[in-house]
Amino acid sequence: MKKAIPFLFFLFSIGAHAQDTQNIVVKGCVYDIHDSSNAIVPIVVNKRTGMGMSCAPGAVFSLSGLRSDTFQISSGGYEMVRICFLDSTAKQSYFVRIGLSMKENYLSSVIIHPVKDLGEIQRERQDIGVEQTRSTIGATDAFESPITFLYERYSRDGKSRAFVAMMENEDKKREILKELFRTYVKAGVIDLSEDQFDAFIDYLNIPESMLKGASDFELATYIRQKYIAYTNAENYHINNQR
C-alpha cells in the first residue's frame with residue numbers, strides 16, 4: 001500500500017495538468033454596472049496568447065483558450081476585469097456576463113483640443129507631402145511659424161530646404177494623426193490620453209501613402225488593430241516588471 005500513494009499522486013497530477021490545458025471557449029456580454037443604457041464597445045483579450053477581439057454594444061463575444069488562461073475585458077474609459085476558469089467546473093464552454101465600472105478620473109489642468117470631423121481631417125490628409133511655400137524671415141516669423149523658423153536655423157542655416165520641408169511634413173502627419181486619435185477616443189475606438197499620443201504614433205509607424213490614400217473605414221480599422229496590439233504589448237511589459 002505504501003507504494004500506491006506515489007502512484008495515486010502521479011495520476012492526480014496528470015489529471016490536474018490535463019484540466020489546466022483543456023481547450024475552452026469563453027462567450028459572454030459586457031454591460032455598464034451603473035448605467036445599463038451606456039453602449040459599451042468591449043475589448044476581450046487572452047493574456048497568454050495576446051489574441052483578442054472587440055464587438056458591438058450588446059453583442060456576444062467569443063474567444064478560445066485554455067482553462068488556465070486569463071481573459072482581460074475592458075472598454076474605453078472603464079476599469080479592466082480579469083477572469084480565469086481554472087477553479088471552475090470543467091466544461092468545454094462558458095458563458096459570462098461582465099459588468100464594468102467607469103474609471104475614476106482625477107482631473108488636473110488640461111488643454112482642450114477641438115475634435116474635427118472626419119471630412120475635415122480627410123482634406124488635411126490629402127495635403128500631406130506638399131512642400132513648404134515660404135521660408136521664415138526675421139523675428140516676426142519666429143512667432144508666426146516657429147517650427148519652420150527653428151528647422152531653417154538648425155538645418156545648415158536654412159540652405160537645406162528639402163530637409164526643412166521633410167521635417168515640416170512629419171510634423172503635419174503627427175498633428176493629423178492626433179486629430180484622428182481625438183475623434184477615435186470620443187467614439188470609443190481607442191482609449192488613449194493626449195500624453196500617450198506621441199508614443200503610439202511612434203509605434204504605429206503608419207506609411208504616408210496609407211495615411212493619405214486610405215478610406216476613413218480602412219484607416220480606423222488599421223489603427224484599431226494596431227492599438228490592440230500596442231496595449232497588449234504595454235500590459236505584457238508592465239506585468240513582467242512586477
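Shown here are the side chain to side chain contact (heavy atoms under 4.5 Å, CB included) partners of V81, two or more places apart in sequence or in another chain: I83, I98, L100. In this structure D87 satisfies the side chain to side chain donor-acceptor pair (under 3.5 Å) test with no other residue, sequence neighbours excluded. For the side chain to side chain contact (heavy atoms under 4.5 Å, CB included) test, residues two or more places apart in sequence or in another chain that qualify with I33 are Y31, S101.
Judged by distance alone, the side chain of N232 and the main-chain N or O of I228 form a donor-acceptor pair under 3.5 Å. Without hydrogens or angle criteria, S75 side chain to V41 main chain gives a donor-acceptor distance under 3.5 Å. A donor-acceptor pair is defined here as one N or O able to donate and one able to accept, closer than 3.5 Å; no such pair exists between the side chain of R82 and the backbone of Q72. Between the side chain of R67 and the backbone N or O of L86 there is at least one donor-acceptor pair closer than 3.5 Å. Distance alone, capped at 3.5 Å, places no donor-acceptor pair between the Q225 side chain and the Y222 backbone. Formation of a donor-acceptor pair under 3.5 Å by the N205 side chain with backbone atoms of D202 is not found in this model.
Between the side chains of Q196 and S193, at least one donor-acceptor pair of N or O atoms lies under 3.5 Å. Counting only N and O atoms by type, the side chains of Y227 and D191 include no donor and acceptor under 3.5 Å apart.
A salt bridge links D198 with R174: at least one charged nitrogen is closer than 4.0 Å to a carboxylate oxygen. Under 4.0 Å is where a charged nitrogen must lie from a carboxylate oxygen, and between K178 and E194 no such pair does. With respect to the salt-bridge test (charged N to carboxylate O, under 4.0 angstrom), the residues K172 and E175 do not qualify.
Summarising the local packing, CE of M51 is surrounded by 12 or fewer heavy atoms from other residues, nucleotides or ligands at distances under 6.0 Å.
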Stepwise salt bridge (charged side-chain N to carboxylate O under 4.0 Å, His left out) check, R182 with E179: CA-CA 5 Å; R182 292 175 191 124; E179 289 168 358; 5.3 Å; no
